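Inspection log for the structure reproduced underneath, given as structure tokens.
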Amino acid sequence: MFVDFCAALESRGIRYVILAGHDFYPDRIDSDVDFMVSEADFERLPRLFASEGFIPGARLIHTSQHETTACCFVFTQQIGSRLAFLHADASASYRRRGRLWMRSETVLSSRRRSPGGFWIPAPAVEFEYYLVKRLDKGRLELPQLKVLAARFVEEAPACKAVLANILPPPLADSTAHAIARRDARWFANHTRELRQAILRSMSKEGLARRSIARVGELRRKWLRVMQPTGFVIAVLGPDGSGKTTVIEHLEHELAPVFRRARRFHLRPRFGTAPGTTTCAKPHGQPPRSWAASALKVLLFASDYWTGWLGIVLAARVRSTLLIFDRYYQDMLVDPVRYRLPPRFGLARSFAPSIPKPDMWLVLRTSPTALIARKQELDPMAAEDLVERYSNLTAELAGAFEISTDGALESSLERAVTTVRTELERRVFVRIGVAR
């Protein structure tokens, strides 16, 4: 994907450089691929990356703008039930705190071909960019020092000139020696001093430019709230339909897309640990009274709203994958499991007001398979339960039915394909591209 990605940029006239960490590309890519383009080309990237066949066989399924001029794009290729990823982290001119730290044209004008055939900056330019960015983030450890040391060896005089330009003489010399020694402890003790020195060396941009940058940052934060990059999936289905297996597989395969993942069993439980208690024969318990059932439904409704406002909304803004194993609507399909009395309509009355996930996966299996896995059900009850879940799929907006009959690998592949397609659709809606 990386090789095709670079070729696609060139074929469309996009000048680029791979910024750092590229020494072993394309044979080994351990993290995000950081690259820089011009400010004009940066604005073109979302629609370009969403275009059909930009990377042959790959799809754009996620975008996250983490700075006004920096955005991460996640491409995937699917092989069976597994996903391969390319995280392309794009940036234009590097602006922070009202200062222009590095102009993209300066970086691009220095570019050269790497042994792997893709474009990289001149050693000293890459050295300056990487050093400034890592210090600005307040983190410069041994892996980053190895990169800086390699660039320093390539072009020592020019790298020393960079240090002399952004740091006072004594500190510049000490920094050069610490990089040569790869002394992470020295940098840990002097990071704050280095950041302040670099900040003083960078002149502020004009008022107009700073105002534009502030407006852009406010817009970015507003969009992160209004169009959160997190994703909520509710997985429904009777016991024995394979929910746990599907959920664990989705968590594993989708983890690289999101910053973190979290799972809930049925409900948020007011933010407490989701430790579950399972009943050996949930369909063999007597129903509760109407009063107790009403209290249970009210508890569930308040839990969903409290959890949604206190946990889920913030987690979605922070690009978290949240998966619910069952959801409120389970009570409508299988009231016996929740010990609701016959003809008890309160649960359905509350259903429209309960916050909804971004997508539903409803697992379907044959009554025969269900009985074989969960012998507490008789044939009639199993058939009725399967039909109820199937009807629920038709009722819920954004619901997809996944058959778990047959080979496990096929079921997992269908689940991954379904979620991947929905993530792709969401990206297209945000970018404004019809597909």
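As a basis for the values below, the full set of heavy atoms in this structure was taken, side chains included, without hydrogen atoms, waters or symmetry mates. Predicted model, so just to flag it, every value in this text is computed and none were measured.
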Where at least one partner belongs to residues 142-151, residue pairs that pass side-chain hydrogen bond (donor to acceptor under 3.5 Å, both in side chains), sequence neighbours excluded:
Asp23-Arg151, Glu126-Arg151, Arg151-Glu154
Rounded to the nearest 0.5 Å, what separation is found between the CE atom of Met1 and the CD1 atom of Ile55?
6.5 Å
Side chains of Phe85 and Ile29 in contact at under 4.5 Å (non-hydrogen atoms):
no
Arg82: what forms a salt bridge (Lys or Arg N to Asp or Glu O under 4.0 Å) with it, not counting sequence neighbours?
Glu253
List the residues meeting side chain to side chain contact (heavy atoms under 4.5 Å, CB included) with Ser64, not counting sequence neighbours, and say none if there are none.
His62, Arg224, Thr229
When you look at CZ of Arg430, are more than 12 heavy atoms from neighbouring residues, nucleotides or ligands closer to it than 6.0 Å?
yes
Distance col, row Gln329:CD vs Arg348:CZ, nearest 0.5 angstrom, shows 9.0 Å
Working to the nearest 0.5 angstrom, can you tell me the gap between Glu193 CD and Ile198 CD1?
11.0 Å
Validation row, ring centre Phe5 to ring centre Phe2 under 6.0 Å:
no
Residues passing the salt bridge (Lys or Arg N to Asp or Glu O under 4.0 Å) test with Arg182, sequence neighbours excluded, are none
Would a distance-only check, ignoring hydrogens and angles, find a side-chain to backbone donor-acceptor pair under 3.5 Å from Arg288 to Lys296?
no
Ring pair (Phe, Tyr, Trp, His ring centres under 6.0 Å) partners for His22, two or more places apart
none
Going by salt bridge (Lys or Arg N to Asp or Glu O under 4.0 Å), name the residues that satisfy it together with Arg316, two or more places apart in sequence or in a different chain.
Asp358
Restricting to ring pair (Phe, Tyr, Trp, His ring centres under 6.0 Å), what partner residues turn up for Phe300, sequence neighbours left out?
none
Side-chain (Asp183) to main-chain (Ile179) donor-acceptor, under 3.5 angstrom:
no
Taking the side chain from Gln77 and the backbone from Pro56, do they hold a donor-acceptor pair closer than 3.5 Å?
yes
Applying side chain to side chain donor-acceptor pair (under 3.5 Å) to Thr404 and Arg364, what does each step give before you reach the verdict?
CA-CA 6 Å; Thr404 57; Arg364 178 186 177 87; over 6 Å; no
Flag, side chain of His249 to backbone of Thr245, donor-acceptor distance under 3.5 Å:
no
Do you know the tightest heavy-atom contact between Leu385 and Pro238?
CD2-CB, 3.6 Å
CZ (Arg134) and OG1 (Thr191) are apart, to the nearest 0.5 Å, by 10.5 Å
Within 6.0 angstrom of His66 NE2, more than 12 heavy atoms from elsewhere
yes
Side chains of Phe264 and Leu322: closer than 4.5 Å at any heavy-atom pair?
yes
Residues in side chain to side chain contact (heavy atoms under 4.5 Å, CB included) with Thr68, at least two apart?
Glu217
Go through it in stages, so that I can follow the logic: the residues are Leu108 and Ser38, the test is side-chain contact (heavy atoms from CB on, under 4.5 Å), and I'd like the CA-CA distance, side-chain angles, deciding distance and then a yes or no.
CA-CA 8 Å; Leu108 292 168; Ser38 69; 4.1 Å; yes
For Tyr129 and Ser91 the tightest heavy-atom approach is OH-OG, 4.1 Å
Nearest heavy-atom pair of Ala347 and Leu340: which atoms, and what distance?
CB-CD1, 4.3 Å
Does Asp303 use its side chain to pair, donor to acceptor, with the backbone of Phe270 at less than 3.5 Å?
yes
With rounding to the nearest 0.5 Å, note down the distance linking CD1 in Ile18 to CG in Leu9.
7.5 Å
For Pro256, is there any backbone N or O sitting under 3.5 Å from a side-chain donor or acceptor partner on His87?
yes
Sorted by chain and number, sequence neighbours left out, side chain to side chain contact (heavy atoms under 4.5 Å, CB included) with Ser366 holds for Thr368, Ala369, Asp405
Among residues at least two apart in sequence or on other chains, which ones pass side-chain hydrogen bond (donor to acceptor under 3.5 Å, both in side chains) with Arg15?
Glu105
Please confirm whether Trp290 and Phe344 have ring centers closer than 6.0 angstrom.
yes
Measure the shortest side-chain to side-chain distance between Arg426 and Phe231 over non-hydrogen atoms and say whether it is less than 4.5 angstrom.
yes
Under 3.5 Å, is there a donor-acceptor pair between the side chain of Lys243 and the main chain of Ser241?
no
Can you confirm whether Leu321 sits close enough to Arg260 that some side-chain heavy atom of one is under 4.5 Å from a side-chain heavy atom of the other?
no
Would you say that more than 12 heavy atoms from the other residues, nucleotides or ligands in this model lie under 6.0 Å from the CD of Gln196, or not?
yes
Does the Ser390 side chain pair with the main chain of Val386, one donor and one acceptor, at a distance under 3.5 Å?
no
Does a salt bridge link Glu10 with Arg12, judged by any charged N lying under 4.0 Å from a carboxylate O?
no
Taking atom CZ of Arg318 as the centre, does the number of heavy atoms from other residues, nucleotides or ligands within less than 6.0 Å exceed 12?
no
Quick check: do Arg59 and Thr421 have side-chain heavy atoms less than 4.5 Å from each other?
yes
With Ile402 as reference, evaluate Leu363, Val235, Thr417, Thr365 under the side-chain contact (heavy atoms from CB on, under 4.5 Å) test and give the passing residue.
Leu363
Closest contact, heavy atoms only, Ser353 versus Trp305
O-NE1, 2.9 Å
Looking only at non-hydrogen atoms, find the nearest pair between Leu236 and Tyr327 and report the distance.
CD2-N, 3.3 Å
Donor-acceptor pair, side chain of Gln65 and main chain of Glu67, under 3.5 angstrom:
yes
Considering only heavy atoms from C-beta outward, does the side chain of Lys137 approach that of Lys133 to under 4.5 Å?
yes
For the residue pair Phe75 and Phe54, categorise the inter-ring angle as parallel (less than 30°), tilted (30 to 60°) or perpendicular (more than 60°).
parallel
If we only count heavy atoms from C-beta on, is the Tyr304 to Arg267 side-chain gap below 4.5 Å?
yes
Please indicate whether Glu422 has more than 12 foreign heavy atoms, meaning atoms of other residues, nucleotides or ligands, lying under 6.0 Å from its CD.
yes
Under the 3.5 angstrom rule, does the side chain of Thr106 hit a backbone N or O of Met102 as a donor-acceptor pair?
no
What distance separates Ile166 CD1 from Leu194 CG, expressed to the nearest 0.5 Å?
8.5 Å
Using a 4.5 Å cut-off on heavy atoms from C-beta on, say whether the side chain of Arg337 contacts that of Asp239.
yes
Once salt bridge (Lys or Arg N to Asp or Glu O under 4.0 Å) is applied, do any residues pair with Arg28, and if so which ones, sequence neighbours excluded?
Asp30
Atom CZ of Arg44: over 12 foreign heavy atoms under 6.0 Å
yes
Where do Pro46 and Phe73 come nearest, in terms of heavy atoms and distance?
CA-CE2, 4.0 Å
Val37: what forms a side chain to side chain contact (heavy atoms under 4.5 Å, CB included) with it, not counting sequence neighbours?
Ile14, Tyr16, Phe35, Asp41, Phe42, Leu45
